[in-house]
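Here the structure comes first, spelled out in structure tokens, and everything after it is commentary.
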There are 2 protein chains.
Amino acid sequence: MGIKIKHARKTELLMNDSIKNLFKEGIQVKVNGSLWLQAGGIHFFGPGPVELLERINETGSINAAAKEMKMSYKKAWELVNTLNQQMKAPVVIPQTGGEKGGGSTLTSEAMQLIQYHREMRQRFAAFLENETRLLNQ
Amino acid sequence: MGIKIKHARKTELLMNDSIKNLFKEGIQVKVNGSLWLQAGGIHFFGPGPVELLERINETGSINAAAKEMKMSYKKAWELVNTLNQQMKAPVVIPQTGGEKGGGSTLTSEAMQLIQYHREMRQRFAAFLENETRLLNQ
DNA sequence: TATCGTTATATATTTTAAAATATAACGATA
DNA sequence: TATCGTTATATTTTAAAATATATAACGATA
């Protein structure tokens with residue numbers, strides 16, 4: 001068969017104008033993104049779990065933390081459970097029954113994780129701001 | 001009512017051991033993430049659309065590009081359409097009918113976008129590698 | 001020992017997203 | 001003018017994810 005190359009002809013990059021000019025005027029374009037830790041291909045510590053841990057620490061309860069985030073208890077518990085299994089030692093210590101029916105507290109390891117994630121998030125925020133600046137310059 | 005503070009007692013960060021030691025031994029933890037451009041809260045240029053554009057440029061067809069990515073034509077067309085509407089000028093020029101039934105070609109603006117995204121991805125990859133290094137040090 | 005709200009778990013339901021299917025219009029070419 | 005594969009679009013079907021509901025176990029406290 002004959003070779004038709006009309007549509008195979010590729011467009012190539014020639015000039016290098018400002019990227020900003022490609023977008024419609026008036027709309028503000030920014031670079032955004034998401035970060036997470038993964039082990040063996042599995043995400044296990046993104047923005048959701050971090051916030052959940054922070055709220056568990058504040059409320060003393062998985063249930064209360066989930067409600068604050070409008071997350072189902074089931075999902076919250078699964079996040080906690082997955083996280084506990086990935087770490088050398090549990091980061092959330094649950095107590096079923098007892099005063100107020102029970103509750104959950106964080107270990108110091110959880111606090112270290114949270115703190116580390118905060119610092120990482122700050123560096124990422126700086127990266128994103130720089131990229132947005134580059135985009136709009 | 002009386003104030004019960006047992007569960008409200010918050011765990012606080014005391015020492016600052018290596019984060020690496022928090023994870024089970026043997027599992028390799030790395031920092032990963034995703035980047036995209038957004039305008040007015042709408043993601044409109046992430047990894048998916050970029051790859052789609054690259055493949056449209058190579059195949060000359062939205063349909064063929066979608067098949068290569070195992071993406072439905074509908075989704076591919078919607079990505080292209082959204083992208084075209086966000087830009088000052090269309091980045092994909094479709095032709096319905098004609099030789100081989102039609103096809104699509106990229107504008108030079110599309111090529112600039114692709115090139116920009118490649119460079120941004122490289123910077124992001126470096127950022128992620130550095131974060132992974134910090135995590136494991 | 002009865003009460004309480006929480007943890008832990010299973011199951012059912014709803015919602016959402018994705019994929020599959022169908023069909024018309026299109027225009028260069030033979 | 002008939003053919004072709006693509007674009008463009010609507011509709012249906014399927015799959016996945018999220019949510020809702022239900023229930024038992026738990027243990028400090030009154």
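Letters A, B, ... mirror the listed sequences (proteins, then strands); counts begin at 1. Note that the structure is a prediction, hence the values are computed from the model and not measured.
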Donor-acceptor pair, distance only, cut-off 3.5 Å: does the side chain of B:Lys20 make one with the backbone of B:Leu135?
no

Side chain A:Ser104, main chain A:Gly60, donor-acceptor under 3.5 Å:
no

Given C:dT29, C:dT7, D:dT6, the nucleotide with the shortest approach to the side chain of A:Ser104
C:dT7

Between C:dA8, D:dT19, D:dA8, which nucleotide has the shortest distance from any of its atoms to the side chain of A:Ser72?
D:dT19

Can a side chain N or O of A:Trp77 be found less than 4.0 Å away from OP1 or OP2 on C:dT7?
no

Send over the distance from [X] [atom1] to [N] [atom2], rounded to a whole Å.
{"X": "B:Tyr73", "N": "C:dT23", "atom1": "OH", "atom2": "P", "result": "18 Å"}
{"X": "A:Lys67", "N": "D:dT19", "atom1": "NZ", "atom2": "P", "result": "15 Å"}
{"X": "A:Lys75", "N": "D:dT19", "atom1": "NZ", "atom2": "C1'", "result": "10 Å"}
{"X": "B:Asn84", "N": "D:dT7", "atom1": "CG", "atom2": "C1'", "result": "13 Å"}
{"X": "A:Ile62", "N": "C:dG5", "atom1": "CD1", "atom2": "P", "result": "18 Å"}
{"X": "A:Asn63", "N": "D:dA22", "atom1": "CG", "atom2": "P", "result": "16 Å"}
{"X": "A:Asn81", "N": "C:dT6", "atom1": "CG", "atom2": "C1'", "result": "16 Å"}
{"X": "A:Gln95", "N": "C:dC4", "atom1": "CD", "atom2": "C1'", "result": "13 Å"}

Given that A:Thr96 and B:Ala64 both sit by DNA chain D, which one's nearest nucleotide is further toward the 5' end?
B:Ala64

Could you tell me whether B:Glu54 and B:Arg121 make a salt bridge, using a distance below 4.0 angstrom between a side-chain N and a carboxylate O?
yes

In the structure shown, which nucleotide is the Watson-Crick or G-U wobble counterpart of C:dA28, with both distances under 3.5 Å?
D:dT3

Counting Watson-Crick and G-U wobble pairs only, both distances under 3.5 Å, name the nucleotide matched with D:dA8, or none.
C:dT23

Residue pair B:Glu129, B:Arg133: steps toward the salt bridge (charged side-chain N to carboxylate O under 4.0 Å, His left out) verdict
CA-CA 6 Å; B:Glu129 281 169 22; B:Arg133 190 180 54 74; over 6 Å; no

Do A:Lys100 side-chain and C:dT3 base share a donor-acceptor contact under 3.5 Å?
no

On DNA chain C, compare the nucleotides closest to A:Lys74 and A:Gly98; which residue's is nearer the 5' end?
A:Gly98

Which class fits the ring pair B:Trp36 and B:His43: parallel under 30°, tilted 30 to 60°, perpendicular over 60°?
parallel

